[in-house]
Amino acid sequence: MQNIDWANLTFGYYPTNYNVRCYFRNGEWGELEVSSETTINIHMAATCLHYGQEAFEGMKAFRGKDGKVRIFRMDENGKRLQSSCDGVMMAKLPLEKFEEAVIKVVKLNADFIPPYETGASLYIRPLLIGMGAQVGVKPASEYLFIVFVTPVGPYFKGGFMANPYVITRKYDRSAPLGTGIFKVGGNYAASLRAHVEACHGGQYACEFYLDAKEKKYIDEAGAANFFGIKDNTYITPQSTSILPSITNKSLMQLAESIGMKVERRPIPEEELATFEEAGACGTAAVISPISRIDDPETGKSYSFGNGKPGPWSEKLYNKLRGIQYGTEPDEFGWITVVEGL
Ligand code: PLP
Ligand code: COI
């Protein structure tokens, strides 16, 4: 076990010992390679550098109370990476290879999996990039898949603590029929300006985007999906420009399992005024309760609860964390226990 101040980890890059790589050349994926290099040797005309042929994933491994190491819904991340590859015309990594690489990199860096009591986890970052040289706008013929890990703490301030968020009307993250549904770097490039302008003053945890067409409905935050809760109902946006969050999909199932109703539909901004609780959810965000959402350009402001996480959010959070850390039964089959650790 590494000597790290686990409990005070933030969501940043902390170097670990190994990463796992796999090249796609001559029309096929090669063998998994273990590397201790943190750099990539890359052609200056590679398509990832010019035309955004890049997709990534985000998942976590948890050390449980029982000492076992659990990875959450790895197959879903593998499938979403394939969908992102389809989205920007990259070679798709077979699911078995994805899962083998993820388990390998977690095992190789077992020393960096935070202890149970610290509430930290091992963030797993797979990425797939176009490596072949092109100058015309067309897909590469060579690709590289890498997966690295880094121990992380909470993404938003304080972890399970209510924070204020802000609606940005000046910029769109993705178009209705654009790449918002894929986890590709371009979406995040498109969000950086909005994020820095809206949030780097320190007042807000993250920016929320409205649908790009009508600027009427809540889409999602720059790094997480949105949910609102009222009348025992979990409500989350239906939109063609948001990332299909695996956490959100899980929360919808958990909400049903604890007796809530679930609705997935467009959420007009004014409806925010009617929610008893609201939250941002994702692998990095887990559930980050929202105290308030401001819309500075219209002067509107929407508050939720009493500035503390609401009771439903807390129940969902405990259920999700319980499954991830092994203190609740894995009733939906979401967990892969990493053998031999
Ligand atoms: N939305 C965006 C834009 C994200 O970057 C993420 C993070 O992955 C999410 C939503 C949450 O998705 P997931 O729960 O699969 O991590
Ligand atoms: C995640 O939740 O895994 C993300 O990718 C969000 C952000 C760090 C991009």
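Each ligand, and each atom within it, is numbered from 1 in the order the structure gives.
Evaluated by nearest non-hydrogen atom to atom 1 (C) of ligand 2, the leading choice among Tyr123, Tyr155, Phe11 is Tyr123. Ranked by closest heavy atom to atom 2 (O) of ligand 2, the top entry among Ala224, Ser191, Ala284 is Ala284.
The aromatic rings of Phe208 and Tyr165 are tilted relative to each other, their planes meeting at an angle between 30° and 60°.
Using a cut-off of 4.0 Å between Lys/Arg side-chain N and Asp/Glu carboxylate O, Asp211 and Lys216 are scored as not salt-bridged. Note on Lys104 versus Glu100: no salt bridge recorded, every NZ/NE/NH1/NH2 to OD/OE distance being 4.0 Å or above. Remark: Arg169 engages Glu269 in a salt bridge, criterion side-chain N to carboxylate O under 4.0 Å. Under the 4.0 Å criterion applied to side-chain N and carboxylate O atoms, Arg173 and Glu220 are assigned as salt-bridge partners.
The ligand atoms of ligand 2 that sit less than 4.0 angstrom from a heavy atom of Phe56 are 5 (O).
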Indicate every side-chain donor-acceptor pair of residues 258-267 with a distance under 3.5 Å to a residue at least two apart or in another chain.
residue	atom	partner	partner atom	Å
Glu263	OE1	Arg265	NE	2.8
Glu263	OE1	Arg265	NH2	3.3
Arg265	NH1	Glu271	OE1	2.9
Arg265	NH2	Glu271	OE2	2.7

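Of the heavy atoms in Lys183, only side-chain atoms (C-beta onward) come closer than 4.0 Å to ligand 2. With a heavy-atom cut-off of 4.0 Å, Arg125 touches ligand 2 through its side chain alone.
For the atom pair NZ of Lys213 and OG of Ser239, the computed distance is 11.5 Å after rounding to the nearest 0.5 Å.
Protein residues with a heavy atom closer than 4.0 Å to ligand 1 are Arg80, Arg173, Lys183, Tyr188, Glu220, Ala221, Gly222, Ala223, Ala224, Asn225, Leu243, Ser245, Ile246, Thr247, Cys281, Gly282, Thr283, listed by chain and number.
The protein heavy atom nearest to atom 7 (C) of ligand 2 is Ala223 CB, 3.9 Å. What sits closest to atom 9 (C) of ligand 2 on the protein, heavy atoms only, is Tyr188 CE2, 3.7 Å.
Although no hydrogens or angles enter the test, the distance criterion places a donor-acceptor pair under 3.5 Å between the side chain of Thr240 and the main chain of Pro176.
Among Lys183, Arg80, Arg125, the one residue that satisfies the salt bridge (Lys or Arg N to Asp or Glu O under 4.0 Å) test with Glu57 is Arg80.
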